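Reviewing the structure listed below.
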Amino acid sequence: MKTELFQSTLIGLRDAIAARAVSATEVTRAYLDRIERHDGLLHAYHEVYRQRALERAAAVDDGRVCGVLAGVPVAIKDNLCTEWGYTTCSSRILENYRSPYTATAVERLERAGAVILGKTNLDEFAMGSSTENCAFGPTRNPWDPQRVPGGSSGGSAAAVAADVCAGALGSDTGGSIRQPAALCGVVGLKPTYGRVSRFGLVAFASSLDQIGPFAHTVADAALLLQVISGPDPRDSTCADVPVPDYLRGVDEPVRGVRIGIAKQYLSDANDPAVAAAAERAVEVFRGAGAKVVEVDLPHTEYGIPTYYIVATAEASSNLARYDGVRYGYRAPQAEDLEDLYSSSRAEGFGDEVKRRIMLGTYALSSGYYDAYYVRALKVRRLIKRDFDAAFEKCDAILCPTTTGPAFRLGEKTDDPLAMYLNDVYTVNANLAGIPAISVPAGFAETSGPGGRKIRLPLGMQLLGPVFKEEALLRIARMCEAAVEWSSARPELVA
Ligand code: GLN
């Protein structure tokens, strides 16, 4: 398969397959070869479904499978359940876990004809911002293998960036799609809470988790969102809200669009390259005829403490099911039931997961519940109200996705607080349940070994009102169309 096809878009590839310029089997083989060549270093994948992918591709080629994604090779985060292969969540506790069912979002991808290449790496149970909290080794950033891809969906972001799949799914509880998308130079979208069914997504924090797409372009992300969105009787939190045609108007700029800028996101903590990218993005919108307005989000600074109470509280409850009896790992030499529970959990969970379970259990315990959990819920409401007020004045809020580019592997592993601060610009969208998209916004330059210049991608985020993904995608496309960074690709070291 020609390199141009790898470097084309998901839609371009889909069209080439539909026009029979290339067969789904050729495409699948080419991607599988590319995985073989590059994934030893990157470790974006946990498991590759070689045989299954080729069978699916053959079914596309002989017309047994069709749909808007027919033959398109995609990857899915390894916290999405599939009846085939393993679903590990990057945890020892689920190392040999095989799910009896498939996540709705994955089922919908397949029904649309996508070829699922494999499962991608993540921070254990999606807890982390670097894809280093992994039982089976970290993922590396394709732009600089010494650096992290971000997390927790780092495997999916790196896989798209390195063109070892044409698009991918991740999950975002506090930024896990947008932050790695920014650090890997791809588009990542967290939909409105309730837009995409969570059935079959291994729960981390159920009131925050959402599945969403990664792709090279806004239009590609729109197509993937289209396929996975919509009500599902198997998830009662999945909203019965009609799914518009996200692709149809995506190229049409939103006339008279009002872009909100909040001073709370333009802090001194931002790397100079991020500050410059933010200014550039504002200019891009001005140039496209947007009205730029100031908005105030006064409770922004409480986002991190609020998130880390709500998310850990929910996680401590959700992860209680891993008891050595019903799922996965069981400690081999337990003396009694109590010992079976505690040893299985002590040996099966990694440090970060244990830290979260302890924090969450503490916040929910009697005597502390009101002071921590209930108070966090109240602040969560204030954060939501900030956004409601801001969206009276603007159609989307523009802000950086992260304060800086990708950091080095190991740089923050001993400092959980520094790691948590990666989410400072992303967690509030989850607390408020609103959709948010990260788009490539240029590069920070740094030097690598031997003084070699390295470009590290940066991302800008656009946040919109609930269920306004259609407008959000069009606004994101305005930014993308003006800069054309979406075509930039890392030079991979084989
Ligand atoms: N980095 C955040 C955390 O560690 C967000 C993770 C996520 O969105 N899954 O909780």
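Ligands are counted one by one from 1 in listed order, and the atoms in each one are counted from 1 as well. None of the values given here were measured: they were computed from a predicted structure.
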Exercise for the section: Decide side chain to side chain donor-acceptor pair (under 3.5 Å) for N79 and S171; before the verdict, give the C-alpha distance in whole Å, the side-chain angles of both, and the deciding distance to 0.1 Å. Expected result: CA-CA 8 Å; N79 60 353; S171 66; 3.0 Å; yes

Practice task
Go through K384 and D388 one step at a time and tell me if the salt bridge (charged side-chain N to carboxylate O under 4.0 Å, His left out) criterion holds.
Solution key: CA-CA 6 Å; K384 167 91 176 93; D388 291 344; 3.0 Å; yes

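Applying the ring pair (Phe, Tyr, Trp, His ring centres under 6.0 Å) rule to pairs touching residues 140-174 yields W143-F443, sequence neighbours excluded. The ring pair (Phe, Tyr, Trp, His ring centres under 6.0 Å) analysis of residues 183-209, with sequence neighbours excluded, yields the pairs Y101-F199.
For ligand 1, the protein residues placed under 4.0 Å by at least one non-hydrogen atom are A126, M127, G128, S129, S152, D172, T173, G174, G175, S176, F204, Y307, Y308, R356, D423.
Under 4.0 Å is where a charged nitrogen must lie from a carboxylate oxygen, and between E110 and R52 at least one such pair does.
Taking the side chain to side chain contact (heavy atoms under 4.5 Å, CB included) definition, one finds that T403 meets it with A269, N270, V424, Y425, sequence neighbours left out.
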